[in-house]
Chemist: 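Encoded as structure tokens, here's the structure I'll be asking about.
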There are 2 protein chains.
Amino acid sequence: MDPVTDTRTPTDTSTAAPACEELGLREQKKRQTRLAMHRAALELVAEHGLSAVTAQMIAQRAGVSTRTFFNHWSTKESAILGVVGDEGPRAVASLREKLVVMTVRQALHAVMRDGIANVPVDPELRDLKKRVMAKEPSLQSMSTGNLQAMQAELVDVLTESLDGEHARDHAEIMVQVGFALTRSAFSIAMRRGIDPVRAFDQVVAVYLRDDIDL
Amino acid sequence: MDPVTDTRTPTDTSTAAPACEELGLREQKKRQTRLAMHRAALELVAEHGLSAVTAQMIAQRAGVSTRTFFNHWSTKESAILGVVGDEGPRAVASLREKLVVMTVRQALHAVMRDGIANVPVDPELRDLKKRVMAKEPSLQSMSTGNLQAMQAELVDVLTESLDGEHARDHAEIMVQVGFALTRSAFSIAMRRGIDPVRAFDQVVAVYLRDDIDL
DNA sequence: GTGCAATAGTGCAGTGAATGCAACAGTTGG
DNA sequence: CCAACTGTTGCATTCACTGCACTATTGCAC
């Protein structure tokens, strides 16, 4: 567990950065500690339950101070979820680019698909996270609560590309439905243990074919 | 805890008017303090912003102790939103009843419409709440986070009424899309200051007519 | 009216999340 | 080897929230 005395070969960096270029030692360590905290958080919640786990405990198992813990994660829950926090701006920028060369619906579809594809799920922690998420429903609310933050911005961007008196209303509905399908896909992927992107494609197919509505 | 059943009035049955509430003095005062706290919370957030308002401040303005504040509300935010907390079980029971005499989609539609109709909004505090919700996006996440809690149960109930191998997946998608439309309706109603139910009907109409999808 | 049970309200002590600040240590680049 | 940069840390503090013991008020029966 001691990273200093770790005797593994330097080529064994597959868990940190898949096929990335040489990062600085500083950035390397940073990611290392982040991953350690994330793993510790998941393990502890799996062992003792969310309410029985404190930020101190997570920090201690990860080998960092409590203060450092909150330097990396804005809340205790974000460490469990492994939320980085830059998904919002990235999604907005991506949508802006795509709107230049695609229709509104194509762009939104692409952004949603990219978003679910880029959910960082370390394969080693995948079923651990799956178990934790299944056992603690409040974490799911938190996970979708993070999405909520970027929704308003996406609606803004989309509104600019729509015409008509109720452009904002239409944008609102499209984004909400888009996120609904994304959430469904992620939930289904977690439950069945399949690739989230594959689940997303299936959800969209089912949605279009069966004309799910109210 | 039901004041109707535990307040037996054997000598005076004429006061048992179901429409008007001849509530006990105790229950009356309780609701009074609850409303005072809810109003104080909304006012303070409108004045100083969510992060600058403490539970102590709300309690003080409402004329109660801090401890009493947390005897009524589980979190600071729930006092601002005025959340009672029994919406989940009620929605599930309602869905069960409706599934006996309706199709799956009709039942879900009805439950969603009822849900948005029964949002308790004191007319006096309505635009105050509207202003606060518009100014503090994180409160919207909290509001929808409460819905998230009941989603899983609704999916369970709906799954029983669906056939096929992917019944649960279909139920998941339907519920998620249903909540997406409900959220859109509520958001639009807040923004335009119109009746939420009316907004909901319009949203559903737009959704069906324009075939919003991905 | 009077006593009794139930419950709302209160004060207090304590836990834990989260932040600001100042100091320290390792990394990078020259 | 030095200097700028940045991650880490300890410390103090604020605030959300809880458990517990206690008081005050209310409802009810006699």
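Just so it is clear: chains get the letters A, B, ... in the order the sequence lines come, proteins before strands, and each one is counted from 1.
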Chemist: Nearest-Å distance, CD (B:Glu27) to C1' (D:dG27)?
Modeler: 13 Å
Chemist: How many Å lie between CD on A:Gln56 and P on C:dT19, as a whole number?
Modeler: 16 Å
Chemist: Report yes if a side-chain nitrogen or oxygen of A:Thr68 is closer than 4.0 Å to either non-bridging phosphate oxygen (OP1 or OP2) of D:dT9; otherwise report no.
Modeler: yes
Chemist: Using whole Å, what does the distance between atom P of nucleotide C:dA8 and atom CZ of B:Phe69 come to?
Modeler: 17 Å
Chemist: Are side-chain N/O atoms of A:Thr33 and A:Lys29 paired as donor and acceptor at under 3.5 Å?
Modeler: no
Chemist: Check this one for me: any side-chain N or O of A:His72 less than 4.0 Å away from OP1 or OP2 of D:dG7?
Modeler: no
Chemist: Taking any heavy-atom pair under 4.0 Å as a contact, classify B:Thr75: base, sugar-phosphate, or nothing.
Modeler: sugar-phosphate
Chemist: So A:Thr159 and A:Leu162, side chain to side chain contact (heavy atoms under 4.5 Å, CB included) or not? Walk me through it.
Modeler: CA-CA 5 Å; A:Thr159 301; A:Leu162 287 172; 5.9 Å; no
Chemist: When the distance from CG of B:Leu44 to P of D:dC15 is rounded to whole Å, what number comes out?
Modeler: 14 Å
Chemist: Less than 6.0 angstrom separating the ring centers of B:His109 and B:Phe200, yes or no?
Modeler: yes
Chemist: For the side chain of A:Phe70, counting heavy atoms from C-beta on, which of C:dT19, C:dG9, C:dA8 is nearest?
Modeler: C:dT19
Chemist: Walk me through whether A:Val157 and A:Glu153 qualify under side chain to side chain contact (heavy atoms under 4.5 Å, CB included).
Modeler: CA-CA 6 Å; A:Val157 174; A:Glu153 287 181 281; 5.6 Å; no
Chemist: In whole angstrom, give the distance that lies between atom NZ of B:Lys76 and atom C1' of D:dT14.
Modeler: 12 Å
Chemist: Please encode protein proximity along nucleotides 20-25 of chain D as a string of B, S and -, counting only heavy-atom distances under 4.0 Å.
Modeler: B----B
Chemist: Give a yes or no on whether a salt bridge exists between B:Arg61 and B:Glu47, defined as a side-chain N under 4.0 angstrom from a carboxylate O.
Modeler: yes
Chemist: Is B:Ser74 close enough to D:dC17 that one of its side-chain N or O atoms is under 4.0 Å from OP1 or OP2 there?
Modeler: no
Chemist: Measure the distance from CE on A:Met142 to P on C:dA17 and round it to the nearest whole Å.
Modeler: 14 Å
Chemist: Tell me: CD1 of A:Ile58 to P of C:dG16, nearest whole Å?
Modeler: 13 Å
Chemist: Charged N to carboxylate O below 4.0 Å: is that the case for B:Glu172 and A:Arg183?
Modeler: no
Chemist: Taking the side chain of A:Ala55 as heavy atoms from C-beta outward, which of D:dA16, C:dT10, C:dA17 is closest to it?
Modeler: C:dA17
Chemist: Roughly how far apart are A:Arg192 CZ and B:Arg168 CZ, rounded to 0.5 Å?
Modeler: 11.5 Å
Chemist: Between C:dA17 atom C1' and A:Glu77 atom CD, what is the distance in whole Å?
Modeler: 9 Å
Chemist: Are any of B:Ser65's side-chain N or O atoms less than 4.0 Å away from OP1 or OP2 of C:dT10?
Modeler: yes
Chemist: Quick one: is B:Thr66 getting a side-chain N or O under 4.0 Å of the C:dG11 phosphate, OP1 or OP2?
Modeler: no
